[in-house]
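Each ligand, and each atom within it, is numbered from 1 in the order the structure gives. We number each residue from 1, following the sequence as shown.
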Amino acid sequence: MKMISVVVPVYNEEHTISELHERLVKTLAACCDSYEIVFVNDGSTDNTEKTALTLKPLELISFAKNQGQTPALNAGIRKAKGDIIVFLDADLQNNPEDIPKLLEKISQGCGAVVGRREHRQDPAARTIFSKVANFIARLLLGVKVHDFGCGLKAYRAEFIKNFELWGQVQVFLPAIAKARGAKVCEVGVAHNDRKAGVSKIKISNMVKGGLGLLKIAFIARFLNPYR
Ligand code: UDP
Ligand code: MG
């Protein structure tokens, strides 16, 4: 019996986490024998923590101060006990109901599954930037993924455990999974407008992500990806 861990980084998302949790429980109870939901509250200053404490079942990690999405995911991966680890953003831009599609791919032999946002609801400048970045990433990493930045991804745990996340590396983590032997697959997923709150990812993060791409390409090609 495979256990699923869903890891969600959460920063000032008081308006969405209750609905997100409810939809996650419904989806996971229907698809999976064994699961856990891990929220990493990344130093939120709104009512996120107070609300999260009322949600069950939930594994909650809380940072005293805001660290960023990457350290939040890193802590969530360390905590996750599942054989399969799913990443999902807290803002409901992706639908929790799409998770079974990714799990289906895993059961077909994929070690990493990346969502591909259909009908993307982001500003045009961001979508164009992303198309170019994805093209360069495909070339450099040799991983045929069209939407590295999608927040919805699933991995067999052994392909990402014990890899310390830095920079914005979660975006290109499929390359590490591949270097560790995973078959990397992608699957179309829905994408919605942010219902509430604001995007916390700045352009500078994207630039950092671009520089991180070079580092990860180097690790995946020339170094031991288990270190
Ligand atoms: N996030 C976080 N810490 C941060 C910034 C973001 O945990 O410092 C979380 C956020 O709550 C969301 C996810 O990371 O669940 C992605 O952030 P956001 O939706 O703002 O990014 P975008 O979708 O605009 O790229
Ligand atoms: Mg978002």
Side-chain angles (χ1 to χ4, degrees), residues 5-24 37-52 55 58-80 85-99 114-134 137 145-154 165-173 189-210 212-213:
S5 298
V6 179
V7 174
V8 185
V10 188
Y11 179 47
N12 289 348
E13 308 280 9
E14 63 182 357
H15 299 295
T16 50
I17 51 165
S18 297
E19 180 184 337
L20 170 71
H21 183 268
E22 191 185 323
R23 289 169 59 184
L24 271 173
I37 300 170
V38 181
F39 279 6
V40 186
N41 168 30
D42 183 18
S44 296
T45 50
D46 64 358
N47 282 318
T48 291
E49 182 166 25
K50 201 170 149 207
T51 307
L55 303 173
L58 184 68
E59 300 291 328
L60 180 64
I61 300 171
S62 265
F63 289 168
K65 89 184 233 302
N66 181 240
Q67 307 280 332
Q69 183 187 7
T70 313
L73 277 172
N74 199 49
I77 296 169
R78 278 166 174 260
K79 171 109 180 152
I85 300 179
V86 177
F87 296 171
L88 177 67
D89 287 350
D91 53 11
L92 289 173
Q93 285 198 265
N94 286 120
N95 293 342
E97 293 78 11
D98 279 333
I99 290 174
V114 184
R116 182 176 183 175
R117 289 166 285 187
E118 287 165 343
H119 313 296
R120 199 166 156 186
Q121 303 295 318
D122 279 325
R126 193 163 164 176
T127 309
I128 293 164
F129 175 92
S130 148
K131 279 216 160 88
V132 176
N134 277 297
V145 159
H146 292 82
D147 193 9
F148 282 96
C150 183
L152 182 52
K153 295 188 175 85
L165 302 191
W166 39 263
Q168 295 290 310
V169 77
Q170 70 277 5
V171 173
F172 304 115
L173 204 51
V189 297
H191 192 238
N192 312 308
D193 248 341
R194 227 178 200 284
K195 283 194 180 170
V198 290
S199 169
K200 288 107 194 166
I201 304 299
K202 303 182 217 87
I203 290 284
S204 63
N205 286 53
M206 298 190 199
V207 173
K208 252 194 249 167
L213 171 59

Engineer: Between Glu49 and Ser62, does any side-chain donor sit less than 3.5 Å from a side-chain acceptor?
Structural biologist: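 Side-chain D/A pair, Glu49 to Ser62: present.
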
Engineer: Select the closest option to atom 11 (O) of ligand 1 among His191, Gln168, Glu13, judged by heavy-atom distance.
Structural biologist: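 Nearest option to atom 11 (O) of ligand 1, by heavy atoms: Glu13.
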
Engineer: Looking just at side-chain N and O atoms, do Asn94 and Asp89 make a donor-acceptor pair shorter than 3.5 Å?
Structural biologist: no

Engineer: Could you tell me which residues satisfy ring pair (Phe, Tyr, Trp, His ring centres under 6.0 Å) with Phe39, sequence neighbours excluded, listed by chain and number?
Structural biologist: none

Engineer: So which of Arg126, Gln69, Gln67 gets nearest to atom 14 (O) of ligand 1, if we judge by its closest heavy atom?
Structural biologist: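 Considering heavy atoms of Arg126, Gln69, Gln67, the nearest to atom 14 (O) of ligand 1 sits in Gln69.
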
Engineer: Under a 4.0 angstrom heavy-atom cut-off, which atoms of ligand 1 come close to Asn66?
Structural biologist: 3 (N), 4 (C), 8 (O)

Engineer: Decide whether the shortest distance between a heavy atom of Gln170 and an atom of ligand 1 is less than 4.0 Å.
Structural biologist: no

Engineer: If you measure every N/O of Pro9 against every N/O of ligand 1, is any gap under 3.5 Å?
Structural biologist: yes

Engineer: Pull up every protein N/O/S atom sitting under 2.8 Å from the Mg ion (ligand 2), skipping waters.
Structural biologist: Asp91 OD2, Gln93 OE1

Engineer: Does ligand 1 have any atom that is closer than 4.0 Å to a heavy atom of Gly68?
Structural biologist: yes

Engineer: With heavy-atom distances below 4.5 Å as the criterion, would you say the side chains of Phe148 and Val114 are in contact?
Structural biologist: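 No; the side chains remain at least 4.5 Å from each other.
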
Engineer: Tell me the salt bridge (Lys or Arg N to Asp or Glu O under 4.0 Å) pairs involving residues 61-74, sequence neighbours left out?
Structural biologist: none

Engineer: When you compare the side chains of Gln170 and Thr70, does any donor N or O come within less than 3.5 Å of an acceptor on the partner?
Structural biologist: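 Looking only at side-chain atoms, Thr70 and Gln170 do form a donor-acceptor pair, the distance falling under 3.5 Å.
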
Engineer: Applying salt bridge (charged side-chain N to carboxylate O under 4.0 Å, His left out), can you list everything that pairs with Arg78, at least two apart in sequence or on another chain?
Structural biologist: Glu164

Engineer: Under 4.5 Å between any side-chain heavy atoms of Asp46 and His15, yes or no?
Structural biologist: no

Engineer: Return a yes/no value for Val40: is any of its N or O atoms, backbone included, closer than 3.5 angstrom to an N or O of ligand 1?
Structural biologist: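 No.
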
Engineer: Could a heavy atom of Arg194 be found less than 4.0 Å from some atom of ligand 1?
Structural biologist: yes

Engineer: Per the side chain to side chain contact (heavy atoms under 4.5 Å, CB included) rule, which among Thr48, Val40, Leu60 passes with Val10?
Structural biologist: Thr48

